[in-house]
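Below is one structure; the comments refer to it alone.
Each ligand, and each atom within it, is numbered from 1 in the order the structure gives.
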Amino acid sequence: MVVVDIADFAALNIAHGEQAGDEILRAVGRRITHVAETHGCIAGRVGADSFALGEVRSHEENPASDGSSTELARRALADATGSVALAGLEVALSGYAGVARVRRADGLDTRDVLVAAENAAIVARTRGHGAIAEEGEHTRREVGERLAMERRLSLAVESNELSLAWQAQFASSGELVGVEALLRWQTPDGPISPVHFIPIAERTGAILPIGEWVLAEACANLKRWEQAGLPASFGRIGINVSLVQVERGDLAVRFPAICQAHGVSPRRFELEVTESLMMRDPEGVGRTIGALREAGFALAIDDFGTGFSSLSMLRKLPFERLKIDRAFTCRIVHDASDRALVGAMIDLARNLDMSVIAEGVESLEELRSLEALGCRAHQGYLGSRPLPAAAFEPLLRAGRVTMTPPG
Ligand code: C2E
Ligand code: MG
Ligand code: MG
């Protein structure tokens, strides 16, 4: 059994409209059918954007046939994911495939082999576009681990495995002007990076309770600092917010309610959302963001420069700040074209009445280049690494840092 999945089909549907999405599915369906016919196997659509090809083969017919189902997968994937012409537009498709083989003697039925091939396709997806994975010990383990991780993650809030790290933001002068709350997940087997678990939490919906926990914990921390007599008047606390949270729509009700329950003003927070946000449902997102601002939250675009936001959307959505992604910051000293890009981002922000902060500033040279371009705020290892709350307190008390050359 071969299962072929179309990559990012949901995004294609949103970008080009559902009619175009249907057209893409029909085109892929025709191609898969054609491959099935030429290889003498059966084919069908087995999920929203996934297709299966099944082949029954006896050992006598083809004793050395093991490689050929991989060959079938390669053919099906290559044919199915060519580009599709839609009303004057060529849409490039890509995908991944899973392969599973079973012997009738193993007592497995069609459903088992389909599930096995789908699991292999899930593993292929994690390896990137165009990947083919074969079901086996390995894929069973990966799928098992993923399911275990999903379960653990759904319990992470209750089991007290989450915490926040605090990364300071500074003005050129070295003055503390804000701090970003960064989520940490400590499992019994060690820490897992948010880069790995946030996408899983987004897929399962666990990000909703987790996201609310982050804001509540930030409120509680702010209260603790106030009660300990620490200066609490530094700038805002940056909270990362996922698209999934914003799309739920009631964020504009839940977030102010969490602040109110803790006796903290939403004005203490800056919500960071990534650019990809603006690709999908801009009207709904615009409404939620408008309401959040109304409630007092500031809004920032995180990882700016890595997504696909359109300039008109930037103008329409009420963001106060751009966070220039580390990918640009780290090349600004040696790469003239990256320096030009960062300069353009800074000008863009200025013209739209937004402020800018550079992320991932690791060296004084980077800091100087940014200043020369007019960027006056920075966050990164140069100023401070993300710190546990207790380690952040001295910095909070000092209210500033001295930028000295490292080493
Ligand atoms: P981000 O919001 O862009 O956060 C910045 C990331 O860059 C953080 O990684 C931070 O530790 C890292 N960083 C900061 N300065 C430097 C530097 O000078 N050099 C280098 N190499 N890295 C630096 P982290 O903590 O692993 O977080 C990764 C991403 O996970 C965040 O990117 C954010 O998108 C997401 N994330 C973190 N916490 C949350 C959360 O509470 N909710 C949601 N939805 N996403 C979160
Ligand atoms: Mg962020
Ligand atoms: Mg960022």
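- One of the N, O or S atoms belonging to Glu180 lies under 2.8 Å away from the Mg ion (ligand 2).
- Contacts between Lys323 and ligand 1 below 4.0 angstrom, taking non-hydrogen atoms only, are absent altogether.
- There is a protein heavy atom less than 4.0 angstrom from atom 23 (C) of ligand 1.
- Put simply, Glu359 gets within reach of the Mg ion (ligand 3), with an N, O or S atom under 2.8 Å from it.
- Coordination check, Asp325 versus the Mg ion (ligand 3): failed, since every N/O/S atom of the residue sits at 2.8 Å or beyond.
- Nearest protein heavy-atom neighbour of atom 19 (N) of ligand 1: Glu362 OE2, 2.5 Å.
- Protein heavy atom at the shortest distance from atom 16 (C) of ligand 1 is Tyr381 CE2, 3.2 Å.
- Within the coordination shell of the Mg ion (ligand 2), defined by N, O or S atoms under 2.8 Å, Asp303 is absent.
- Under 4.0 angstrom from ligand 1, the non-hydrogen atoms of Pro386 all belong to its side chain.
- At least one heavy atom of Glu180 sits closer than 4.0 Å to an atom of ligand 1.
- Looking only at its N/O/S atoms, Glu272 has OE1 as the one nearest to the Mg ion (ligand 2).
- The atom name of the N/O/S atom in Asp302 closest to the Mg ion (ligand 2) is OD2.
- Against a heavy-atom cut-off of under 4.0 Å, Glu272 is close to the following atoms of ligand 1: 2 (O).
- Looking only at heavy atoms of the protein, atom 26 (O) of ligand 1 is closest to Pro194 CG, 3.5 Å.
- At a 4.0 Å heavy-atom cut-off, ligand 1 does not touch Leu382 at all.
- Contacts of Val214 with ligand 1, taken as heavy-atom pairs under 4.0 Å, involve the side chain alone.
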